[in-house]
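Just below is one structure, and these are the notes that go with it.
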Amino acid sequence: MNALQANISGIIKSSVIDGPGNRMVIFFQACNLNCMYCHNSHTIGLCNLCGVCVQACPTQSLKIDTANKRIIHDTETCVHCDTCIKVCPENSSPFYKKMSVENLISEILEVKDFISGITVSGGEVMLQADFLVEFFTAIRKYPELKHLSILVDSNGNVGLDKWDKILDLTDGFMIDIKAYSPQIHKQITGFSNEKILDSIQYLDKKGKLDELRLVLVPDYNNGEDEINKISTLINKLSPEVRKVLIKMRKHGIRKKYTSLKEPNPEEIRKVQNRFKEAVISVFTI
Amino acid sequence: MEDIKNRVREVLTDGCLDYKQKKHNLAYIAESTQAYPKVSDEAMEALADKKICDLFEGSAPYRPRYILPDYKLALKKGIKYLELDPPTDFDEAINFLSILYSYVPSITGYSVYLGNIDQLLLPFVADLSEESIYKKLKLFWRYIDRTLPDAFVHINIGPEDNIIARAVLKVEREVKQVVPNLTLKYDTEKTSDALLNDAIKTVFEVAKPHIANHNMITTDFKGEYGVVSCYNSLPEGGGSHTLIRLNLKKITDQHSGNTDAFFAETLPKYCEMTLDIIEARIKYLVETVKYFETDFLAQEGIIKLENFSAMFGFYGLAECVNTLMKNEGHDFTYGHSEEANQLGHRIVEEMKQHVDARPLPYCEANNGRAFIHSQSGIDIDVEETAGARIPIGEEPDIYSHINAVAPHHHLINGGISDIFHFDDTVKRNPQAVLDIIKGAFKKGMRMFTFNIANSEFIRVTGYLVRRSDLKEFREEGSRYGSTSFAANSMDNKNVDKRIAKRVNSNERTASQY
């Protein structure tokens with residue numbers, strides 16, 4: 001039995017949008033950025049047992065288990081209204097679970113015949129890098145699983161030593177560039193981006209940067225200067241890195257950020273054209 | 001007589017039918033003047049109230065339902081009856097097949113099987129360029145669609161990757177026709193991922209081919225097999241005299257008693273009755289009509305009686321299971337609960353045992369027994385779900401879906417189908433579908449068919465219609481017979497909820513007159 005456990009906010013057993021092939025995606029709880037457009041803001045924080053959700057639950061389906069420091073969730077009476085998530089002051093949820101490497105391995109075994117690999121995502125998965133080392137090592141050692149590809153979907157906001165820990169165990173990384181200028185990055189995510197820019201270049205140098213994504217947020221990161229800087233960065237990376245332009249969508253974002261604007265076709269075209277001028281081929285979704 | 005006259009007049013004056021469709025329907029009326037092959041009064045009653053359905057084969061079978069000519073042999077020997085010498089090049093081979101296709105009988109009037117076309121044409125490729133093959137096949141495909149306008153007309157490719165199979169897929173993506181229906185035989189050893197990938201991308205465009213588990217199906221047949229009509233796997237150089245299907249929903253609705261009584265009395269009784277009807281129809285075809293003594297295909301060895309058997313079909317398993325569960329006071333639903341799924345498997349296993357226990361004449365292809373077939377439904381099936389499928393709209397997530405239905409597949413040697421649906425986003429990631437197909441075959445699935453939501457093509461049961469053709473048909477009639485069949489299906493079922501005129505599927509349309 002491994003001592004380490006990870007906070008897992010959810011598992012999707014069949015995903016066609018998290019890397020090549022059919023993949024099982026494991027979402028880790030907690031993030032070190034706080035993006036305005038986060039669609040899963042309940043995966044940002046960790047539960048501190050404050051009990052606000054327990055009070056707010058209309059069907060009394062939540063209870064604090066003080067001894068084990070966790071929230072007990074009654075699936076029989078829960079009506080999935082998500083009130084608990086909406087009221088949580090920590091951007092957390094009572095639903096994430098502590099899971100061991102063994103737990104996760106047995107989840108993969110159920111679907112192993114149907115998948116090309118697994119993708120770990122978040123939250124910010126690199127915050128649990130030590131767990132990933134054990135988890136990925138276990139996959140690589142397991143005869144029926146060792147052929148699976150392992151992809152990491154990260155915001156890149158960690159020190160380089162963290163990447164070194166799992167570099168050899170991982171097939172590739174998918175990283176977001178939320179903005180190039182630190183000020184704009186701070187506006188969008190609440191944090192600066194020096195580590196992220198370093199990580200992007202480091203992973204590329206190591207031949208492990210699979211995909212770089214830019215989520216387009218009008219009035220924030222679509223200015224000419226900003227896109228030009230991002231283009232310059234991209235042009236320094238290996239041409240094999242897949243570049244994806246993602247239209248920011250308002251679905252599921254927190255109430256306080258509903259004033260954000262989704263990009264219109266003209267705004268998208270403008271950015272696409274700028275990339276084209278810089279001879280960068282970008283896939284838009 | 002007055003009744004016949006009126007039926008004939010109705011056909012003659014129906015503005016929605018073209019000349020050929022009228023002729024087909026007139027023939028059906030003429031056939032209906034003959035007495036049904038001799039079966040018990042009880043069996044006739046079961047046919048009348050649709051507990052057993054003969055799929056409008058007609059009351060006097062004068063041709064087998066499914067014929068799979070040995071086209072390879074025909075190309076090698078030539079055909080005396082048609083004064084055709086063996087072809088010597090690609091053009092001659094296509095011309096030879098085009099002529100032969102129009103002489104192959106079926107219930108709809110159009111051949112249900114056009115051969116494993118890549119294997120047939122490969123010997124004639126010589127030094128033809130890819131471009132030239134593509135052009136010739138495109139014209140061939142146009143010929144097939146315009147002269148055999150029936151969505152049950154089925155062609156096969158694979159399992160090996162080759163220049164013809166690739167060209168066929170390219171033509172399919174280009175011409176976007178409903179006809180011919182298409183199956184790729186997939187073999188884990190022989191089929192490349194690249195070919196399967198190409199096939200998957202073709203499904204994104206035109207909702208075909210179906211992917212057949214070649215490793216599995218090939219063990220059920222003594223020789224070569226073909227996938228024909230709607231997912232029917234049958235021996236080449238032979239076929240099936242008839243397909244009679246048992247309506248599991250109807251026999252369960254009328255069953256009084258518990259589940260044990262269903263297994264002890266009702267199910268065996270109606271299995272036997274279905275097999276009685278099959279036997280009577282086979283004897284009529286072989287002994288009264290003497291089809292195999294008189295047709296040139298049999299006389300010249302392109303088909304052989306010893307390569308024929310018959311098909312025992314069933315449908316409405318989902319409703320049968322749910323009703324039996326309800327009668328026992330359980331709220332377990334087929335496709336969603338392990339108890340219900342287990343009961344479903346037991347029913348299929350018991351049916352298979354009854355079918356395997358009953359010797360039938362002229363069924364040498366399957367050692368004197370019928371092939372069992374999970375019948376994929378026709379337009380009149382308003383309340384019954386096709387074969388052993390999970391009802392449309394109630395399908396669980398893809399893994400639960402596969403795990404629920406896969407255990408049936410190894411039993412159903414005559415063919416079985418389940419349709420899976422993917423969101424449009426999968427188009428960017430064909431590898432994902434490839435992963436799932438390989439996984440499904442590892443779990444024992446015999447056939448894998450999938451659709452993309454909101455595609456231009458709608459898979460109705462086992463065949464396709466174009467969304468636009470349906471719309472036009474409702475307004476002005478169609479060149480395809482299967483469109484009217486599809487229009488009825490769309491009206492009767494949520495087929496387009498799940499799922500895509502000119503094309504025919506005459507098996508039922510004729511019976512309307």
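Labels below follow one simple rule: chain letters A, B, ... track the order of the sequence lines, proteins then strands, and each chain is numbered from 1. The basis for the numbers below is simple: all heavy atoms, side chains too, and nothing from hydrogens, waters or symmetry mates. These figures come from a predicted structure and were not determined experimentally.
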**Request:** Examine whether an atom of A:Lys112 lies under 4.5 Å from a heavy atom of chain B, and if so say whether it belongs to the side chain, the backbone or both; otherwise answer neither.
**Result:** neither

**Request:** Please flag which part of B:Ile402 lies under 4.5 Å from any non-hydrogen atom of chain A: side chain, backbone, both or neither.
**Result:** side chain

Name every donor-acceptor pair, under 3.5 Å, that has one atom in a side chain of residues 260-271 of chain A and the other anywhere in the protein, sequence neighbours excluded.
residue, atom, partner, partner atom, Å
A:Glu262, OE2, A:Lys250, N, 2.7
A:Asn264, OD1, A:Glu266, N, 3.1
A:Asn264, OD1, A:Glu267, N, 2.8
A:Glu266, OE1, A:Arg269, NH2, 2.8
A:Glu267, OE1, A:Asn264, N, 2.8

**Message:** Does any backbone or side-chain atom of B:Leu434 lie under 4.5 Å from a heavy atom of chain A? Answer side chain, backbone, both or neither.
**Reply:** neither

**Prompt:** For B:Gly335, does its backbone N or O pair with a side-chain atom of B:Asn341 as donor and acceptor, under 3.5 Å?
**Reply:** yes

**Request:** Classify the side-chain pair B:His210/B:Asn181 by whether it contains a donor and acceptor separated by less than 3.5 Å.
**Result:** yes

**Message:** I need the residue from B:Asp397, B:Val426, B:Ile398 with the largest number of non-hydrogen atom pairs under 4.5 Å to chain A.
**Reply:** B:Val426

**Fill in**
So the side-chain hydrogen bond (donor to acceptor under 3.5 Å, both in side chains) pairs with at least one residue in residues 272-284 of chain A (sequence neighbours excluded) are A:Gln272-A:Thr284

